[in-house]
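First comes the structure, then the notes that go with it.
Just so we're clear, the structure is a prediction, and the values are computed from it rather than from any experiment.
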Amino acid sequence: MTLLDWLVLIGTTAFIVGWGLWRTRGESNTAENYLRGSQDLRWPTIGLSVMATQASAITFLSVPGQAYEDGMRFVQFYFGMPIAIVIVSAVFVPIYYRLNVLTAYEYLESRFDLKTRLLGALLFLIQRGLASGITIYAPAIILSAIFGWPLEPTIIIMGGLVILYTVTGGSKAVSQTQKQQMVVMLGGMAVAAFVIVWRLPEHVSFTRAVDVAGALGRMNVVSFDLDFNDRYNFWSGITGGLFLSLSYFGTDQSQVGRYLTGRSITESRLGLLFNGVLKIPMQFLILFVGILVFAFYQFTAPPLFFNDTLRARVQTTAHAGELAAVESRWTQAQADKRAAADQYLAARESGDGSAEQSARERLQATARTAEGIRKEAKAVVSRALPGVETKDSDYIFISFVKDWMPSGLVGLLICVILAAAMSSIASELTALGATTTVDFYRRLFRREASDRHMLVASKLLTVFWGLVAVAFASFASLLDNLIQAVNILGSIFYGTVLGLFLVAFFLKHVRGHAVFLAAVLSQGTVIALYVTTKIGYLWYNVIGCALVVVLGLLLQPFMPRGEPAGSSART
């Protein structure tokens, strides 16, 4: 990175953090303000905060790589989200405001009983605690790749900085800071898209680049094929995505805590609806950046490995000569692919359908050859470095940024990813600390503790979860694609938690014993399905939720009569 990149990175990051802390100075001096803020935010801040919480560094690292390798179909994951936002705004938000809860799980005790509240909170802590580790790992990849630092110390340093930032600021500082972070994120990705188009060869226009990407199967935006083993199609998105989004926005404390900072129900609803309108276009843009990177590399030879450190390590082993031979074939394959891409564009311009079809088939054949050589190279790496992770899709976008972005924009895009990391991790750690403090520590052990005691406990528990996240981040390199790993982890637990809330809202005759047992059986079933089947993970949200509802209804007649329905008192 150049001096200009450093100035952009440090200056932008310092301004965002400083602005958020300055705007909220002195406002986190009580436990409630620290955990929830002073409930005076307007809907634009709420909307951007909700969006920034969801858009972690993983989004900007992993999603372009996902599109590069698998096309646009991941956008179908979000098709059910706008519907979910409307339902959450209409049903969940008024209930939370009426009960004046600090966490979503307080409602479960008022409706059912203590054990059901603790189960819902525990499931949240498990999945969000592990997911936050992946969220820390993502930006650590950047720092490790750019500066050549060992990954483990980088994870520890990154995690420590975020823990310090979160504990210092509290919930309101997180929300205020996220507003500026979201503007930087969206602006940075838009700039990246323009620069990629600018970097294309002179004879390759934007539309021609998209044509080449489409010929190679990357413009697969929507599929109406009903395949339960396919992770991304219209049906899994509109159903599984709906249930996942309902649980995420309606029951996940990292999101509930964001919109409960609003000054009124109306402000919270507008903030959520703002996010529902903009989320799919934003995700489409980020995916499309990956498509543009893919199109760019059809005319400019991409690296054999997007993770540069792997190549350097193999060159120090006895397999260096074997890798050099593969690299020579890779160079030739890239030249062949570029020639085939130019031929395909010429055939399209000619209007000769037969010539276009033949050219498309040749282009696809050269792409398959190149992909085969890449697999051979990964096999060489596995032999040279047994046990090393060879999947490098999460390095694709950052590798392009390093190699092809002009000075200054590299710093801006690194800032984009770090801003996303800080905003998302801060929200997650705040939510984890709040849930542990309110639903476990205060409820079970220190119900009469002073406000000062609870403030200190909240900060210490936030630090604890930060350390847990750092520990789990050490294992994130064993995962496949990071964005998929986070969503799979959420899908395993979200359906069960959503089922608890839906029974609470709509099945008033079902009591705590029945729904608790139903949730335990549902969660066990979903985990078993994940281990033993290949069902697309979005369907776990539907299955888990449906099982809680159905089993709750079936079990209730067999429960003891006279079971209390819960207490409406806040605890």
Side-chain angles (χ1 to χ4, degrees), residues 31-32 35-36 88 91-129 246-257 259-260 428 430-449 454 457-458 461 464-465 490 493-524 526 544-545 547-549 551-552 555-556 559-560 562-571:
E32 183 155 340
L35 294 172
R36 183 170 59 185
V88 170
V91 178
F92 291 67
V93 174
I95 291 175
Y96 293 150
Y97 267 89
R98 185 174 69 248
L99 296 178
N100 193 32
V101 296
L102 283 172
T103 75
Y105 316 106
E106 291 181 84
Y107 168 69
L108 292 179
E109 182 175 3
S110 70
R111 170 62 176 85
F112 295 120
D113 51 32
L114 176 60
K115 68 178 182 296
T116 307
R117 170 185 179 176
L118 296 180
L119 177 62
L122 179 64
L123 293 178
F124 163 73
L125 292 176
I126 292 172
Q127 68 89 9
R128 185 52 61 188
L246 270 175
S247 188
Y248 180 58
F249 290 101
T251 73
D252 189 306
Q253 183 60 26
S254 66
Q255 284 291 356
V256 175
Y259 57 75
L260 287 184
E428 290 172 346
T430 299
L432 289 164
T435 301
T436 310
T437 301
V438 173
D439 294 295
F440 289 91
Y441 183 72
R442 187 177 72 179
R443 179 62 181 86
L444 299 179
F445 305 109
R446 299 297 297 269
R447 298 188 69 173
E448 305 301 325
M454 295 310 301
S458 301
L461 287 168
F464 165 76
W465 279 109
F493 295 97
Y494 273 149
T496 300
V497 178
L498 177 61
L500 288 173
F501 279 83
L502 293 186
V503 171
F505 292 153
F506 301 113
L507 302 177
K508 298 300 184 182
H509 70 286
V510 177
R511 302 296 192 220
H513 294 335
V515 77
F516 179 85
L517 183 56
V520 171
L521 293 173
S522 169
Q523 192 59 67
V526 171
C545 180
L547 280 175
V548 173
V549 173
L551 290 175
L555 290 170
Q556 181 57 43
M559 294 296 107
E563 179 189 352
S567 170
S568 61
R570 181 176 169 185
T571 54

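Smallest separation of non-hydrogen atoms from Leu502 and Cys545: CD1-SG, 3.5 Å. Shown here for Tyr248 and Ser254, the closest heavy-atom pair between the two residues is CE1-OG, 4.1 Å. Contact record, Leu119 with Ala519: CD2-CB, 3.6 Å, taken as the closest heavy-atom pair. Listed here is the closest heavy atom pair of Leu500 and Gly120: CD1-CA, 4.1 Å. Considering every non-hydrogen atom in both Ser110 and Leu99, the closest pair reads OG-CD1, 3.9 Å. Counting all heavy atoms, side chain and backbone alike, Val510 lies closest to Phe112 at O-CE2, 3.4 Å.
Under the side chain to side chain contact (heavy atoms under 4.5 Å, CB included) criterion, Leu517 pairs with Leu521, Leu555, sequence neighbours left out. Partners of Thr436 by side chain to side chain contact (heavy atoms under 4.5 Å, CB included), not counting sequence neighbours, listed by chain and number: Leu125, Leu461, Trp465. Scanning for ring pair (Phe, Tyr, Trp, His ring centres under 6.0 Å) contacts around Phe124 gives Tyr105, with sequence neighbours left out. With sequence neighbours excluded, the residues that form a side chain to side chain donor-acceptor pair (under 3.5 Å) with Ser247 are Thr251. Listed by chain and residue number, His453 satisfy the ring pair (Phe, Tyr, Trp, His ring centres under 6.0 Å) test with Tyr441 (two or more places apart in sequence, or in another chain). Residues forming a side chain to side chain contact (heavy atoms under 4.5 Å, CB included) with Leu118 (at least two apart in sequence, or on another chain): Leu114, Phe440, Leu444. Listed by chain and residue number, nothing satisfies the ring pair (Phe, Tyr, Trp, His ring centres under 6.0 Å) test with Tyr259 (two or more places apart in sequence, or in another chain). When the ring pair (Phe, Tyr, Trp, His ring centres under 6.0 Å) test is applied to Tyr107, the partners found at least two apart in sequence or on another chain are Phe505.
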For this session: Evaluate the criterion side-chain contact (heavy atoms from CB on, under 4.5 Å) for residue pair Arg442 and Leu102; output intermediate values, then yes/no.
Result: CA-CA 12 Å; Arg442 187 177 72 179; Leu102 283 172; 4.1 Å; yes

Exercise. Yes or no on side-chain contact (heavy atoms from CB on, under 4.5 Å) for Gln127 and Asp252, after CA distance, side-chain angles and deciding distance?
Worked result: CA-CA 10 Å; Gln127 68 89 9; Asp252 189 306; 3.2 Å; yes

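At least one side-chain heavy atom of Gln523 sits less than 4.5 Å from a side-chain heavy atom of Leu123. Here the side chains of Arg111 and Arg511 are in contact, with some heavy-atom distance below 4.5 Å. Residues Val438 and Arg443 fail the side-chain proximity criterion, which asks for heavy atoms closer than 4.5 Å.
From Arg117, atom CZ reaches atom CG of Leu122 across 13.5 Å, with rounding to the nearest 0.5 Å.
Between the Tyr494 side chain and the Leu246 main chain, no donor and acceptor come within less than 3.5 Å of each other.
Looking only at atom types and distance, the side chain of Gln253 has no donor-acceptor partner in the side chain of Thr103 under 3.5 Å away.
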